Structures are given as C-alpha cells and as structure tokens.
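The block underneath contains the structure these notes are about, expressed in structure tokens.
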Amino acid sequence: MRFSSIVAVALLVMMAGAVAADQPYNQYSDVPPGTQPGTPPAGNPNQAGTTEALQFWNDRASFEAAFPGLPTEDFSATLVPPGGVEACDPPFNSSTNNACFAPGGILPGLEVNVNMVTGSGLLVVLGTGFLGNTNVLAGPNSFGDDMVLNFNPAVRAAGLDFVNPGTPGNVYNVTIYGPGGPLDTTTVTDGPEGTFWGVDSDDVGGITSIVFEAFGSEAHAELAALVIFGGEPVPVELQSFDVE
C-alpha cells in the first residue's frame with residue numbers, strides 16, 4: 001500500500017516517535033522523522049576475503065590504506081535539508097537536476113540508480129538526522145527495490161557504508177560487474193549506522209557496476225553513505241609472439 005502525501009503528513013503528526021516493531025511502511029517517504037532504528041545484530045557477519053579476481057573488505061581504514069586518495073561521495077551537496085526526506089526520479093549523477101541534487105551535486109564517475117522490483121522505482125535522500133542518521137543517505141525509496149551503483153569510467157576499487165536506519169540486520173546478495181559481465185556475487189548485512197563493504201578487482205577492465213539485491217522482503221531498505229571509488233583498472237597485458 002502506498003500513502004498519498006496528505007496521508008504521509010497525517011502520519012507525521014499522529015505517529016512521530018512511535019514505531020511498530022514490524023515497521024508498517026513501504027518506502028522512506030512515508031516514514032515519520034525521528035523513528036528509532038532497530039537493534040543491529042551482534043558482531044559483523046560480513047567477511048573480508050578474495051576470489052580469483054576480487055578482494056572484499058569490511059574495514060574502511062584498511063581499504064583506504066590500500067587505495068589512498070580515492071574520492072568519497074558523501075551526498076552533502078544534496079538539496080534536502082537536515083531532518084528532511086525527498087523522493088526523486090533516478091538516476092543520481094553529476095547531471096542530476098531535481099529536488100534532490102542540482103547539476104554537479106554528485107561527483108563525476110558515480111551514478112546511484114535503482115532496479116524497480118516491487119516498489120516505485122524512485123530514489124530517496126534522507127537528510128542528516130531524519131532517522132537518527134549521522135550522514136546523508138541515498139538509495140531506493142521503496143523497500144522492495146534494489147540499489148545499483150554504476151561507475152563510468154570503470155574503477156579498480158569501490159566501497160560504501162551500507163545503511164538501514166530503520167530495520168537493520170538484513171542480508172543482501174551483492175553482484176559485482178565488469179565490462180564483460182558479472183565477476184562474482186557475495187553477501188552483505190546492513191547496519192543502522194552503516195556496515196562498511198568494499199571490493200577491488202584484478203580483472204582486466206575493472207568494476208562497472210555493483211547491484212545490491214534483497215530477497216523480496218519489504219523490510220529490506222538499503223541506503224548508501226560515504227561512497228568511495230576510483231583507481232585505474234588493471235590494464236590488458238601485452239602479449240608477445242614468436243615469429244618463425
């Protein structure tokens with residue numbers, strides 16, 4: 001069920017500060033501000049490690065030490081004020097011109113997009129403090145849709161704080177793509193203040209997209225903060241041939 005903006009306003013007046021245990025909302029633009037996050041799971045279930053072409057990271061400091069100087073998109077140039085929420089048409093990139101971002105408000109090379117699954121296909125920005133969040137958050141407005149990060153040009157490495165400020169503790173499939181298609185799939189669990197997840201690729205051509213796919217539950221409400229990305233992909237090795 002989707003609520004009209006009039007109903008959403010009524011909810012803000014009648015329900016601010018009161019949240020049912022099974023969060024009865026389908027999208028962030030319906031949630032009363034100041035909702036308290038749920039209890040995160042104990043520990044960090046996200047594992048660092050490697051595959052043939054990829055290395056995964058669960059610690060931002062270690063990631064930044066391995067890839068120093070990469071730019072970080074913190075979404076602070078949003079037009080959404082602290083404590084506010086705004087749903088907008090996708091995508092969010094350096095050319096976006098809507099109520100969420102003005103042109104140039106997103107770093108060049110990064111695009112935040114959405115795969116519409118069971119929701120509206122809109123993106124959302126949560127201003128700092130809307131749900132107790134300390135950073136500006138961006139991602140799918142509807143809890144049934146999936147978040148996509150695109151990189152143009154392709155990058156060697158990328159990472160983010162993977163956030164669910166309302167109902168944390170959900171597991172997602174994460175598929176990493178290169179120019180030739182999918183490189184690998186892993187999992188990540190969201191957190192109320194953000195679970196850091198990062199990846200770098202030794203695959204020729206680098207990383208072009210990352211898709212965070214929920215398992216069909218409307219409680220999955222993934223958002224991104226502090227997206228770090230960049231680095232030159234591993235070049236194609238020159239091959240030598242013997243001429244007979």
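We're numbering straight along the sequence, starting at 1. On a predicted model such as this, the values are computed, not experimentally measured, just so you know.
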Here the disulfide bond (SG atoms under 2.5 Å apart) pairs for residues 134-171, sequence neighbours left out, are none
Measure the shortest side-chain to side-chain distance between [X] and [Y] over non-hydrogen atoms and say whether it is less than 4.5 angstrom.
| X | Y | answer |
| --- | --- | --- |
| Arg156 | Val234 | yes |
| Ile176 | Ser201 | no |
| Asn164 | Leu223 | no |
| Glu73 | Leu149 | no |

Value for CD (Gln27) from CG (Asn141), rounded to nearest 0.5 Å, stands at 4.5 Å
[X] and [Y]: which non-hydrogen atoms are nearest, and at how many Å?
| X | Y | result |
| --- | --- | --- |
| Ser209 | Asn150 | OG-OD1, 2.7 Å |
| Ala99 | Cys88 | C-SG, 3.9 Å |
| Ile210 | Ala158 | CD1-CB, 4.1 Å |
| Thr175 | Pro182 | CG2-CB, 4.0 Å |
| Gly139 | Met147 | CA-SD, 4.1 Å |
| Gly121 | Val114 | O-CG1, 3.2 Å |

By side-chain hydrogen bond (donor to acceptor under 3.5 Å, both in side chains) - contacts of [X] (at least two apart):
| X | answer |
| --- | --- |
| Ser95 | none |
| Ser94 | none |
| Asp145 | none |
| Thr72 | none |

Quiz item: What's the verdict on side chain to side chain contact (heavy atoms under 4.5 Å, CB included) for Phe151 and Thr208, showing C-alpha distance, side-chain angles and the deciding distance?
Solution: CA-CA 5 Å; Phe151 306 99; Thr208 56; 5.7 Å; no
request  = Would you check if there is a donor-acceptor pair between the side chains of Asn173 and Thr185 at a distance under 3.5 Å?
outcome  = no
* Taking atom types as modelled and ignoring hydrogens, do the side chains of Thr134 and Glu193 form a donor-acceptor contact shorter than 3.5 angstrom? -> yes
Grouping ILVMFWY residues whenever side-chain heavy atoms fall under 4.5 Å, the cluster of Val211 otherwise contains Val148, Tyr177
Hey, is the main chain of [Y] close enough, under 3.5 Å, to the side chain of [X] for a donor-acceptor pair?
| X | Y | result |
| --- | --- | --- |
| Thr78 | Cys100 | yes |
| Asn26 | Phe143 | no |
| Asn133 | Gly127 | yes |
| Asp190 | Gly169 | yes |
| Asp184 | Ala53 | no |

- Look at the side-chain heavy atoms of Ile, Leu, Val, Met, Phe, Trp and Tyr, link any pair under 4.5 Å apart, and say whether Val112 and Leu107 land in one connected group. yes
If you group Ile, Leu, Val, Met, Phe, Trp and Tyr by side-chain heavy-atom gaps below 4.5 Å, do Leu79 and Tyr28 land in one group? no
With sequence neighbours left out, the residues meeting ring pair (Phe, Tyr, Trp, His ring centres under 6.0 Å) with Phe67 are Phe63
Residue set satisfying ring pair (Phe, Tyr, Trp, His ring centres under 6.0 Å) with Phe92, at least two apart, ordered chain then number -> Phe101
For Pro233, the side-chain contact (heavy atoms from CB on, under 4.5 Å) test, sequence neighbours excluded, returns Ala154
Residues passing the salt bridge (charged side-chain N to carboxylate O under 4.0 Å, His left out) test with Glu222, sequence neighbours excluded, are none
Residues passing the salt bridge (charged side-chain N to carboxylate O under 4.0 Å, His left out) test with Asp161, sequence neighbours excluded, are Arg60
Between Glu86 and the options Leu126, Val80, Asn98, Leu123, the side-chain contact (heavy atoms from CB on, under 4.5 Å) test singles out Val80
In Val174, Thr189, Asn58, Thr187, the residue satisfying side-chain contact (heavy atoms from CB on, under 4.5 Å) with Trp197 is Val174
Tabulate below the donor-acceptor pairs under 3.5 Å that side-chain atoms of residues 224-231 make, not counting sequence neighbours, or state none.
none

> Do Tyr172 and Phe162 make the cut of ring centroids closer than 6.0 angstrom?
Replying inline: yes
| query | Given Leu122 and Asp89, is the side chain to side chain contact (heavy atoms under 4.5 Å, CB included) satisfied, shown in steps? | reply | CA-CA 5 Å; Leu122 296 176; Asp89 289 330; 3.2 Å; yes
- Task: Check the pair Val31, Val85 against side chain to side chain contact (heavy atoms under 4.5 Å, CB included), reporting the backbone distance first and the verdict last.
- Result: CA-CA 9 Å; Val31 179; Val85 58; over 6 Å; no
